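Encoded as structure tokens, the structure appears first; notes follow it.
For ligands, and for the atoms within them, numbers begin at 1 and follow the listed sequence. Residue indices begin at 1 and follow the sequence shown. These numbers come from a predicted model, not from an experiment.
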Amino acid sequence: MKDRQEQIAQVIVTAQQMREIEERIFAAGMPVVALMEKVAGLITRRVQDIYPLFCQQENKAKASSSSSSRVGILTGPGHNGGDGLVVARELYFRGYEVLIYCPFSKLKELTSQHLQYARSLGLPCYDSIQPLQDCDLLIDGLFGFGLEKTLTDPVATAINQLNEWHKPIISIDLPSGLHTDTGEVLGTAVRATHTLCLGLWKQGLLQDQALDYVGKAELIDFDIPLADIQAVLGNSPSIKRITKTTALSTLPLPRPPVTHKYKEGHLLLICGSRRYSGGAILTGLGARASGVGMLSIAVPESLKSLMVAQLPEALIIGCPETESGAIAQLQLPPKTDLSSFSAIACGPGLTQDASPILQEVLDSTIPLLLDADGLNILAEMRSIQTLQKRQISTVLTPHTGEFKRLFPDIPDANHDRVKATREAAAQSGAVVLLKGARTVIANSQGTVWINPESTPALARGGSGDVLTGLIGGLLAQASSKKISVEEIVATGAWWHSQAAILAAQERTELGVDAHTLTNYLIAVLASTSIGHL
Ligand SMILES: NC(=O)C1=CN([C@@H]2O[C@H](COP(=O)(O)OP(=O)(O)OC[C@H]3O[C@@H](n4cnc5c(N)ncnc54)[C@H](O)[C@@H]3O)[C@@H](O)[C@H]2O)[C@H](O)CC1
Ligand SMILES: [K+]
């Protein structure tokens, strides 16, 4: 069971893929009506778990804040509406008071039959939303993955009205109004408290622009045969949801009983300037947390003593600096050159005055991560195509602004972040990590990973520097451990956000400064099973 659960948890589908999977199930003989009954039965049980019946005759004090007795069912014209009506019927039989809102006259056959039966049971059905205003809970069965176009009135106005009520809303499959694949709001959308995603994770639920509407998302597994999923998606789905299992499985843990510091990777960080010395420290702390065996940090000479004090275990390399206090040239210790390291991470705090060093870094023959000013200098050099010539992995970790400067011809990365990141990876030949509330990673073969959980606590200066150091350290370890670069990048993104989530739980979302975050990187691992391997 665990294995199935894990496999399902990693899959992300588009509306078209979900349709094809469901068509295989029906073609194999599963009646549509039976599947709807099964699915809606699972939804009903979850609704009762989340919002147990508040029985009027019982002592009011017993009712928890999430108890409910009067439930409003928002019913659409398709099978999402059909799901909602089956839930309506079942909640009614379990003692809930149920009201139905359905502004549509033309319904799919199955949906129409369920509405007819609900009416025969005496459930009131309204074509205006007003009568549902004093419900304790709303269940959104307006639209699921069949939504095709922008919502219009009357349903659009009704959604805007019910959103103003700030009531608990459970959305079936997707919050109605969200584009299934991009998460874009098509006119308007239900602001759900919970989203019960049916069968497989819909891509739109994992997009930044959807997050204000999705609420707490969970998957309702309705036993889709793995064979049907593989038949439609192929053996390695092109879009994967990063899970704890996949992330932990790519960490360089456990370590072999016999090893030494040079076998655990040697990372060279190139970062910092007199103006941004903090970025160098945070990047170094992120790298330290990765467990990398050896850490060298090239900074302008004037930062050397500060860095030694902050990171005594690192080899600090003081480089000649420009007037403005940026690295003027890389001056490595005698008998070493860039190929002496197992990975390079370059960029945080550099300022663009350090631009002369970038070509040398790009010409290196080891895995390279570019972030922050490393990306801005690359954008200035207009040399995305030169990355294609690199024979070894390059990782780019832009936020949206840096992305736009690097890939000016890729349309608005906020609209479809998956498509934009995939396109950037194809153009550059690099592994591209586009930071966001749902960070997206893509490789040049078109495979995409989405990090499904994060926290707004990360929206502060320095978080990105920590990520650079962490992923740089993992890259340095990965090369000797035959772990794919993109998977180690996905793991770094997952690790970074999980540390922030734990920190926010313990210190609130205001309490996760970048330095604190570096302390939670190890804490969060220690709190998982792997920490005790
Ligand atoms: N396929 C199944 O048996 C199961 C599906 N599940 C649920 O059903 C929906 C998908 O059902 P579908 O009927 O394909 O689409 P929707 O319910 O999302 O309904 C959309 C419906 O409305 C029409 N429409 C599209 N856009 C608009 C618009 N802007 N304004 C008005 N009307 C619009 C369109 O023609 C469709 O007919 C899925 O999400 C699940 O909830 C079951 O759970 C499993 C079995
Ligand atoms: K819905």
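V190 lies apart from the K ion (ligand 2) in this respect, since none of its N, O or S atoms is found at a distance under 3.4 Å. Distance check for N80 against the K ion (ligand 2): an N/O/S atom falls below 3.4 Å.
Under a 4.0 Å heavy-atom criterion, T150 is in contact with ligand 1. Contact annotation: E148 has at least one heavy atom less than 4.0 Å from an atom of ligand 1. Remark: distances from the non-hydrogen atoms of G76 to ligand 1 are all 4.0 Å or more.
When only non-hydrogen protein atoms are considered, atom 14 (O) of ligand 1 lies nearest to K108 NZ, 3.5 Å. Closest to atom 45 (C) of ligand 1, if we only count protein heavy atoms, is L35 CD2, 3.7 Å. Annotation: atom 1 (N) of ligand 1 to nearest protein heavy atom, E22 OE1, 2.6 Å. Protein heavy atom in closest approach to atom 41 (O) of ligand 1: N80 ND2, 2.7 Å. Counting protein heavy atoms only, atom 36 (C) of ligand 1 is closest to G146 O, 4.2 Å. Looking only at heavy atoms of the protein, atom 29 (N) of ligand 1 is closest to K149 O, 2.9 Å. In this structure, the protein non-hydrogen atom closest to atom 18 (O) of ligand 1 is G144 N, 2.6 Å.
Ion pairing between E218 and R46 holds under the 4.0 Å rule for side-chain N and carboxylate O. The existence of a salt bridge linking K167 and D136 is excluded, since no basic side-chain nitrogen approaches an acidic carboxylate oxygen closer than 4.0 Å. Here D223 pairs with K38 in a salt bridge; the nearest charged N to carboxylate O distance falls below 4.0 Å. The pair R460-E509 does not meet the salt-bridge criterion, since no charged nitrogen lies less than 4.0 angstrom from a carboxylate oxygen.
Using a 4.5 Å heavy-atom cutoff, the side chains of S428 and L396 are in contact.
Looking at F143, F26, F222 and measuring to atom 31 (C) of ligand 1, the nearest heavy atom belongs to F143. Selection from P77, G78, A40, G81 by nearest heavy atom to atom 22 (O) of ligand 1 gives P77. In this comparison of K106, H79, E37, the heavy atom closest to atom 11 (O) of ligand 1 sits on H79.
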Checking side-chain contact (heavy atoms from CB on, under 4.5 Å) for the pair I8/I229: CA distance, chi angles, key distance, verdict?
CA-CA 9 Å; I8 294 283; I229 300 170; 3.6 Å; yes
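Here the angle centred on the K ion (ligand 2), running from O of F143 over to O of I172, is 100°, rounded to 10°.
Here the straight-line distance linking atom CG of L233 with atom CG of L226 works out to 11.0 Å at 0.5 Å rounding. One distance of note links CG of L251 with CH2 of W495; it measures 5.5 Å at 0.5 Å rounding. In this structure, the separation between CZ on F222 and CE on M36 is 10.5 Å, given to the nearest 0.5 Å. Rounding to the nearest 0.5 angstrom, the gap separating the CZ atom in R422 from the OG1 atom in T447 is 7.5 Å.
For F143 and F104, the distance between ring centers is under 6.0 angstrom.
Residue D140 approaches the K ion (ligand 2) most closely through its N/O/S atom O.
The part of D173 lying near ligand 1 is the side chain, judged by heavy-atom distances below 4.0 Å. Under 4.0 angstrom from ligand 1, the non-hydrogen atoms of D83 all belong to its side chain.
Using modelled atom types, one finds a donor on one side chain and an acceptor on the other under 3.5 Å when comparing Q16 with R19.
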